[in-house]
Amino acid sequence: MRIFQSLHASWAHCMKNRLCMGTVLASGPLLLCLGTPAMAAGDDASLDALEQQISRIQSEQRALQKALVSVQKQIAAHRTVAHAGTAAAHHGLAAHQLASMDAADNEAGIAVASTGHEDESTPHHLGANGHFHASGPDAQPVFGGAEDTPTVESVVGHRAEDVISRVAENGVGPHSRETAGAQAAGALGDHGVFHLGPVTLILGGFIDASAVESNRHTASGTFNFWQATPFKNEPRYHTDNFDGSARYSRLSLMARGNVDKYSTISGVFEMDFGAGAATTDAYESNSYAFRMRQAYLAYDNSKENFHFLAGQAWSMLTPGRVGIIPRQESLPETIESSMLVGQTWARQLQFRFVKDFLNHRLWTGLSIENSATLYSTNGFTSGSTDGQVYLPGGQTVTIGSAGTGLTNNALFPNEIAPDVIGKIAWDPHWGHYEVEGILHFPHDRVSTLGAGKNHTAVGGGGGGSMILPVVPHKVEVRLAGIAGYGIGRYGSVLLPDATLKSNGAPSPLFSMQGTAGIIAHPNPLIDVYGYFGYQQAGRSYFSEGGTSYGYGNPGYNSAGCYTELGSCDAGSNIHSVMEATVGAWYRFLKGRYGTVEGGVQLAYSRIHAWEGNGGAPDTSLSEVFMDFRYLPFQ
């Protein structure tokens, strides 16, 4: 207002001199008046000075006009994102446009384009391309226009999966954060952003109401524990079952701050109610326990292109969508909380070191992760949770110990070393590709009275994954698989890692698993998917004194598996499990209040046991899943 008052007073004064010219510069109004007495006297020097001043003013005015046009474009882009939501991501915008759209994501801080979160004292400068940028230690990067080239500073200030993945331009891009796969990975919100001084708090999660109707009674809700699927000898095989719950509702929180213009530090918590407490029942309270899904800190440095993560997160062995970035794991869009047969994953403690090259296109990672060997002790005599197994010769094998103190009364296995995982990821202009490997070291002790011996085996394997954007941001094909010895627990079916040899030493079992899927996004409101998953375990066994031991022993009884209430050992000797599933999600409400979506999924699973004394029995499971979710922060 003061600018216009000053301009009005100057104009009134100059009207007496008949010739006036005015403009408004960044520093304030400037009004030149021609026809003053001095000029009427023909002062040539004054006229020359005036011409130079007019030329300078015209040059500054042109620069100002360009800057104003640029700001108008950014405002228009901001409004487009606010109304279109995720539509821009589905239409494959260029990296510089998408990065500037992070202002609409409300998570950066962020430059003048989002002045609602700026302090008036924050220093700014006008870039060479006519775009405003914040400066100083709290600066947040903004991509300007098509002439801008992303720099190392571009990685800082926004979520890594938003900026780095957009710079990659691999046609896959980051998750649309309201999709089921993104929510499973731990996506954060667009709306729930709060600024506490230099720290930004970002909320995520959803309220979930899901149910399943199945043709077998498994008592596991929407979480499939395929090894417990009944065979024909069990009455549960012959009964349908309906089960619904809100236990997988989720809440997540990130705290993020800028160390400097190149680096950020962040901490992430993610929790749900998936655990069953001692007081949980299905008759009255349905009081499921609050549990930790993820809790980790992450440090990202865009100058050195270095990334570090410490805490409980999705294992680096889990396939990803872009780079090696947390919360960008490639997880199925399914409703079932066990996700999919053959899906490679774990959530566990890790110390992850990642370095990226070639403008965030080539990634290398090394992760030291918590190990936990899953044993099969079929045929052996053992305590239920005490970790001791008795060999036919009288020796005692200690494979672990029952939990004590603040841990639950379950088996915690002996582990001599962590799992070591390496990964290389590549993001060309089309698709995302990964190769990975793992080393695992099962360990136990065989004891006799007064003596004992430790045994350590070496297991591990390798695999890879890829995402092919058949129609970028519209239709993609996902393929993933891994094979090796002693790594069965990294699959959703939880087939065993190892059994025991006749001398009590660990015997790692061969494991193979893979998934294939096609996912379509016809429009920003609908997701359609279809998957096939497969997982199998090898066999290792011996017989002594007419008794069968180990996993997959052909001497195990399977004759009664086909007769109700018959005797059957098939359930603990699974050879393979496959699943085929299709489903869809529809976001029928979407706005500033968040997103409400509904989904339906059809799934068919088939379980085959190793052939025993009486044949190779199999069983099946057919399911219909239903889900409603409210995502208040998306």
Side-chain angles (χ1 to χ4, degrees), residues 214-218 220 223-239 332 334 336 338-344 374-379 461 463 480-499 507-517 531-541 548-582 602-623:
S214 60
N215 67 334
R216 313 279 184 245
H217 189 185
T218 59
S220 59
F223 183 92
N224 278 335
F225 187 61
W226 286 276
Q227 293 191 65
T229 305
F231 284 79
K232 293 179 181 179
N233 65 305
E234 298 187 59
R236 295 184 300 123
Y237 176 92
H238 306 278
T239 63
T334 53
E336 59 182 292
S338 49
M339 295 188 289
L340 179 70
V341 167
Q343 175 70 35
T344 299
L374 181 59
Y375 283 95
S376 168
T377 56
N378 292 347
I482 190 170
Y485 287 85
I487 57 174
R489 77 174 179 95
Y490 283 96
S492 288
V493 180
L494 278 177
L495 293 177
D497 295 321
T499 185
S507 177
L509 297 170
F510 176 75
S511 176
M512 180 176 67
Q513 61 201 48
T515 61
Y531 292 99
F532 177 83
Y534 179 82
Q535 187 169 344
Q536 76 169 51
R539 62 202 308 185
S540 176
Y541 57 87
S548 300
Y549 302 92
Y551 193 80
N553 195 310
Y556 289 144
N557 176 34
S558 60
C561 296
Y562 310 94
T563 304
E564 191 165 353
L565 296 182
S567 177
C568 177
D569 295 327
S572 56
N573 287 278
I574 301 298
H575 176 210
S576 65
V577 181
M578 61 78 63
E579 180 183 13
T581 185
V582 296
L602 307 178
Y604 174 78
S605 302
R606 194 154 196 89
I607 299 96
H608 292 268
W610 279 109
E611 183 175 5
N613 184 13
D618 59 48
T619 186
S620 63
L621 180 65
S622 298
E623 299 166 291

Engineer: Does N215 have any side-chain hydrogen bond (donor to acceptor under 3.5 Å, both in side chains) partners at least two apart in sequence or in another chain, and if so, which?
Structural biologist: none
Engineer: Y541: which residues meet the ring-ring contact (aromatic ring centres under 6.0 Å, His included) condition with it, sequence neighbours left out?
Structural biologist: none
Engineer: Quick one: do Q513 and T344 satisfy side-chain hydrogen bond (donor to acceptor under 3.5 Å, both in side chains)? Show the steps, please.
Structural biologist: CA-CA 8 Å; Q513 61 201 48; T344 299; 2.7 Å; yes
Engineer: According to side-chain hydrogen bond (donor to acceptor under 3.5 Å, both in side chains), who are the partners of T515, at least two apart in sequence or on a separate chain?
Structural biologist: none
Engineer: I'd like to check E234 versus C568 (side-chain heavy atoms, cut-off strictly below 4.5 Å). Are they in contact?
Structural biologist: no
Engineer: Are P508 and D497 side-chain neighbours, meaning at least one heavy-atom pair lies under 4.5 Å?
Structural biologist: no
Engineer: Got a sec, which residues hit side-chain contact (heavy atoms from CB on, under 4.5 Å) with P332, two or more places apart in sequence or on another chain?
Structural biologist: T334, M339, L340, Q343, Y531
Engineer: Does any non-hydrogen side-chain atom of Y551 lie less than 4.5 Å from one of S507?
Structural biologist: no
Engineer: Of all residues at least two apart in sequence or in a different chain, which pass the side-chain contact (heavy atoms from CB on, under 4.5 Å) check with S214?
Structural biologist: N241, L621, E623
Engineer: Of all residues at least two apart in sequence or in a different chain, which pass the ring-ring contact (aromatic ring centres under 6.0 Å, His included) check with Y485?
Structural biologist: F510
Engineer: For E611, which residues count as a side-chain hydrogen bond (donor to acceptor under 3.5 Å, both in side chains) partner, sequence neighbours excluded?
Structural biologist: none
Engineer: Which residue pairs pass the salt bridge (Lys or Arg N to Asp or Glu O under 4.0 Å) test with at least one member in residues 485-495, sequence neighbours excluded?
Structural biologist: D419-R489
Engineer: Output every pair passing side chain to side chain donor-acceptor pair (under 3.5 Å) with a member in residues 569-582, not counting sequence neighbours, ordered by first then second residue.
Structural biologist: N378-N573, T581-Q601
Engineer: Verify, without hydrogens or angle tests, whether N233 (side chain) and S567 (backbone) share a donor-acceptor contact under 3.5 angstrom.
Structural biologist: no
Engineer: Side-chain polar contacts of residues 612-619 - donor-acceptor pairs under 3.5 angstrom, sequence neighbours left out - could you list them?
Structural biologist:
residue: D618; atom: OD1; partner: R606; partner atom: NH2; Å: 3.1
residue: T619; atom: OG1; partner: P230; partner atom: O; Å: 2.7

Engineer: Applying side-chain hydrogen bond (donor to acceptor under 3.5 Å, both in side chains), name anything that partners S620, two or more places apart in sequence or on another chain.
Structural biologist: R216
Engineer: Could I get the full list of side-chain contact (heavy atoms from CB on, under 4.5 Å) partners for Q227, not counting sequence neighbours?
Structural biologist: F225, V493, L494, L495, I574
